Undergrad: 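Please see the structure below; I have some questions.
Note that the coordinates shown come from a computational prediction; the quantities given were computed from them, not determined experimentally.
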Amino acid sequence: MEEFSSEFKDDLAHLLRFYTSTSGDAEGKLADVKDRMKTGQSKLYYVTGESLSAVKMMPALEKFKSKGIEVLYLTEPLDELTIE
């Protein structure tokens, strides 16, 4: 699995869709999230949880929202593996 992951990761990345702290009810492309990163932001941030409604309620998101930083919502079991 690791060999597949590293070999095809870049080829498959354009297929990934995620909800984010700014996307509302629509999923967006990972590439678009990267394009919207703030100047000087070197990392993508994410939060994991059982459901979209659960991650939207996490108190830790307020700090990122106040700084205008978009956060990926990872709610599916494979989501974490796809962004490593």
Undergrad: Hey, are T22 and E70 close enough side-chain-wise for a donor-acceptor pair under 3.5 Å?
TA: yes
Undergrad: Between F18 and L72, what is the shortest heavy-atom contact and its length?
TA: CB-CD2, 3.9 Å
Undergrad: Tell me, yes or no, whether the heavy-atom count around K65 atom NZ, taken from other residues, nucleotides or ligands under 6.0 Å, exceeds 12.
TA: yes
Undergrad: Mind checking whether L52 and L16 sit in one hydrophobic cluster, side chains of I, L, V, M, F, W, Y counted as touching below 4.5 Å?
TA: no
Undergrad: What do the steps show when you test V47 against Y73 for side chain to side chain contact (heavy atoms under 4.5 Å, CB included), and what is the final call?
TA: CA-CA 5 Å; V47 62; Y73 294 157; 3.6 Å; yes
Undergrad: How many angstroms lie between OG in S23 and NZ in K29, if you round to the nearest 0.5 Å?
TA: 14.5 Å
Undergrad: Group every Ile, Leu, Val, Met, Phe, Trp and Tyr by side-chain heavy-atom contacts under 4.5 Å, then state whether Y46 and M37 land in the same group.
TA: yes
Undergrad: State the CE-OG distance between M58 and S21, to the nearest 0.5 angstrom.
TA: 13.0 Å
Undergrad: With a 4.5 Å limit on heavy-atom distance, are the side chains of T20 and V71 in contact?
TA: no
Undergrad: Answer yes or no: does atom NZ of K56 have more than 12 heavy-atom neighbours from other residues, nucleotides or ligands under 6.0 Å?
TA: yes
Undergrad: Does the side chain of I69 come within less than 4.5 Å of K38's, by heavy atoms?
TA: yes
Undergrad: Indicate yes or no for a side-chain donor-acceptor contact from Q41 to the backbone of K43 under 3.5 Å, with no hydrogens or angles considered.
TA: yes
Undergrad: Can you find a heavy atom in the side chain of L30 that is under 4.5 Å from one in the side chain of L44?
TA: yes
Undergrad: Identify the heavy atoms of S53 and M57 that sit nearest to each other, and give their distance.
TA: O-CG, 3.1 Å
Undergrad: Out of curiosity, does L74 fall in the hydrophobic cluster containing L61 (side-chain heavy atoms, cut-off under 4.5 Å, transitive links)?
TA: no
